Amino acid sequence: MTSYAYDTTNIFARILRGEIPCNKVLETAHSLAFHDIAPQAPVHVLVIPKGAYVNADHFARAASDAEIVDYTRAIGRVCEELGLCPDQGGLGYRMLSNGGEAGVQEVPHLHVHIAGGRVLGRMLAQLQ
Ligand code: AMP
């Protein structure tokens with residue numbers, strides 16, 4: 001069981017409630033994708049589940065199969081609709097999700113970042 005407490009005042013919860021706008025890319029039954037407000041690449045989109053999940057491990061443990069399938073398919077559709085898929089002539093992308101203190105997660109609602117539009121370089125400096 002999870003011990004996560006979900007903060008209903010976080011910015012993505014407010015977007016989901018329609019209290020603040022977002023630049024929407026895609027919406028499905030259980031997921032929402034929108035452009036990051038401070039893009040770090042030519043393409044930078046966030047995909048979030050509509051359910052109250054703090055991070056990826058919380059989601060994996062507590063979400064229903066329907067939510068997990070919907071979220072995974074939504075990520076795929078975003079990549080496709082943004083023209084990022086390598087098998088469809090796209091340059092590719094990076095997908096990552098920050099969790100907790102080590103991941104320096106700022107918004108405590110699960111989100112994956114999908115970044116692309118240029119070669120992004122290595123994710124972390126190579127270890128010596
Ligand atoms: P993280 O550090 O993984 O929690 O990333 C949070 C991301 O949310 C950052 O890339 C922010 O630029 C982005 N962000 C914060 N507020 C908004 C907003 N209102 N609309 C879109 N993206 C946002």
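Note that ligands are numbered from 1 as they come in the structure, with each ligand's atoms numbered from 1 the same way. Quick caveat: nothing in here was measured; it's all calculated off a predicted structure.
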Residue, atom name and distance, where the atom is the protein heavy atom closest to atom 8 (O) of ligand 1
F12 CZ, 3.4 Å
Name the closest protein heavy atom to atom 20 (N) of ligand 1, giving the residue it belongs to and the distance to 0.1 Å.
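Sorting protein heavy atoms by distance from atom 20 (N) of ligand 1 puts I37 CB, 3.7 Å first.
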Find all atoms of ligand 1 within a distance of less than 4.0 Å from any non-hydrogen atom belonging to [X], and give their numbers and elements.
{"X": "Q105", "value": "4 (O)"}
{"X": "E106", "value": "1 (P), 2 (O), 4 (O)"}
{"X": "N98", "value": "1 (P), 2 (O), 3 (O)"}
{"X": "H35", "value": "21 (C)"}
{"X": "H113", "value": "1 (P), 3 (O), 5 (O), 7 (C), 10 (O)"}
{"X": "F34", "value": "21 (C)"}

Evaluate salt bridge (Lys or Arg N to Asp or Glu O under 4.0 Å) for K50 paired with E67, printing each intermediate quantity in order.
CA-CA 9 Å; K50 290 182 176 176; E67 289 175 302; over 6 Å; no
Ligand 1 N/O within reach of H111 N/O, cut-off under 3.5 Å
yes
Ligand 1 to I20 polar contact by distance, N or O atoms, under 3.5 Å
no
Cluster question for you: counting only ILVMFWY and a side-chain heavy-atom cut-off of under 4.5 Å, with indirect links fine, are L84 and V47 together?
yes
Shared hydrophobic cluster for V54 and L96 (ILVMFWY, side-chain gaps under 4.5 Å)
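In one cluster: no.
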So if I apply the side-chain contact (heavy atoms from CB on, under 4.5 Å) rule between M95 and each of V45, I75, V78, which one comes out positive?
I75
Return yes if a side-chain donor-acceptor contact under 3.5 Å exists between Y6 and H109, otherwise no.
yes
Going by distance alone, is a donor N or O of one side chain under 3.5 Å from an acceptor N or O of the other, for H44 and H113?
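A pair is found: one side chain offers a donor N or O, the other an acceptor, under 3.5 Å apart.
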Between Y71 and H30, ring centroids under 6.0 Å
no
Nearest non-hydrogen contact to atom 11 (C) of ligand 1 from the set L46, D36, L96 belongs to D36
